[in-house]
Amino acid sequence: MDTPIFNPNSWLRTQQNNALTQRLPVLFVGHGSPMNALWDNTFTQQLQLWPAQFEQPQSILVISAHWLSKGTWISTTAHPTTIYDFGGFDERLYQINYGAPGDPARAQALVTKLSEFDALADPQHGFDHGAWTVLKFLYPKANIPVFEMSIDYYQPPSYHYQLAKDIQQLRDKGVLIICSGNIVHNLRNLNFQHVDAAPFDWAVSFDEFIKKQLLDRNDQAMIHYEKMGAIAEIAVPTNDHYLPLIYALGATNPDEKIVFWHEGFQHGSISMRCIQFG
């Protein structure tokens, strides 16, 4: 009988798959202004330290406040571009290129899995700034495949919570889920001139309210955050940046540990809270 030929590439792939022994966490990142991509502050410093807390993922799924859509779309492109979806900022931002590859196979598999939600493939979507301004600090080598999933802005929080339950098993298959938004995100009251401006009382109150619900793992209170009334209306005037938190809740179990990796505010009305689930 012929002796099998040792294939080093096949062996390496097997070892990499077997090496991932723990379920990967879900990260909620309060990403704030695009300018954070250029700043050296406690937020960006802590982002750089974060990946040491868990095993290196085989792939990354990003759910960003900056990819809103009608319907749910998943990026299946092999070579995503860097999207500069903002204006009026430092010209140096437009020189940043996050060159990570896409993950078409995993992305297409997720499209199939989410058929109940009528998910569709987008073969062209690149990395919006909710993704790349965070990833450049978490994984600066850009050597891990990344794909994104959009947020159907026409659906209520409860819909996103249920959808997120169907992506939870990705965590057992080497995929790190990053949900990028902000718990408090009010641009109308933004103190643009002073990044370290004292936060508004209502911003602190709502952020602390959500922190308590997280510690109690009261998902329903966070899904129906609008029941807080006037303070919720001003802290979350539009829920595009809040919905990534709902995805983080749906993609995790109530008994998983929660770590607040970063706390604080920028410009008085943006919560930079970052959370690790699991």
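All values below were derived from every heavy atom in this structure, side-chain atoms included, with hydrogens, water molecules and symmetry-related copies excluded.
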Can you give each donor-acceptor pair under 3.5 Å made by side-chain atoms of residues 135-147, sequence neighbours left out, with the distance rounded to 0.1 Å?
unit_1: K136; atom_1: NZ; unit_2: A37; atom_2: O; d: 3.1

Taking the side chain as every heavy atom from C-beta outward, state whether L243 and Y153 have any pair of such atoms under 4.5 Å apart.
yes
Is H160 close to I63 at the side-chain level, that is, under 4.5 Å between some pair of heavy atoms?
no
Identify which one of F89, W132, F86 satisfies the ring-ring contact (aromatic ring centres under 6.0 Å, His included) criterion when paired with Y94.
F86
Would you kindly check if the NZ (Lys) or CZ (Arg) of R273 is within the cone defined by 45 degrees around the ring axis of F260 and under 6.0 Å from the six-membered ring centre?
yes
What are the two closest heavy atoms between [X] and [Y], and how far apart are they?
X    : Y    : value
F277 : L245 : CZ-CD1, 4.4 Å
D128 : S64  : OD1-OG, 2.7 Å
I223 : Y161 : CD1-CG, 3.5 Å
P25  : L176 : O-CD1, 3.4 Å
P101 : F127 : O-CZ, 4.3 Å
P80  : G126 : CB-CA, 3.9 Å

Under 3.5 Å, side chain of S75 to main-chain N/O of T77, donor-acceptor pair present?
no
Can you tell me how far SG of C179 sits from CG of L61, rounded to the nearest 0.5 angstrom?
7.5 Å
To the nearest 0.5 Å, atom CG of D152 lies from atom CG of L68 at 9.5 Å
Using the rule that Ile, Leu, Val, Met, Phe, Trp and Tyr join whenever any side-chain heavy atoms are under 4.5 Å apart, tell me whether W73 and Y154 fall into a single cluster.
no
Let's go through T44 and N41 carefully: what are the C-alpha distance in whole Å and the side-chain angles of both, what is the deciding distance for side chain to side chain donor-acceptor pair (under 3.5 Å) to 0.1 Å, and is it a yes or a no?
CA-CA 5 Å; T44 61; N41 53 30; 3.2 Å; yes
Using a 6.0 Å cut-off, check whether atom CG of D216 has over 12 heavy atoms from anything other than its own residue.
yes
Checking W261 now: which residues fulfil ring pair (Phe, Tyr, Trp, His ring centres under 6.0 Å) with it, not counting sequence neighbours?
W50
List in chain and number order the residues that pass ring pair (Phe, Tyr, Trp, His ring centres under 6.0 Å) with F209, two or more places apart in sequence or in another chain; answer none if no residue qualifies.
none
Pair H241-H31, side chain to side chain contact (heavy atoms under 4.5 Å, CB included): steps then yes or no:
CA-CA 9 Å; H241 278 68; H31 65 253; 3.5 Å; yes
Is the centre of the W67 ring less than 6.0 Å from the centre of the H125 ring?
yes
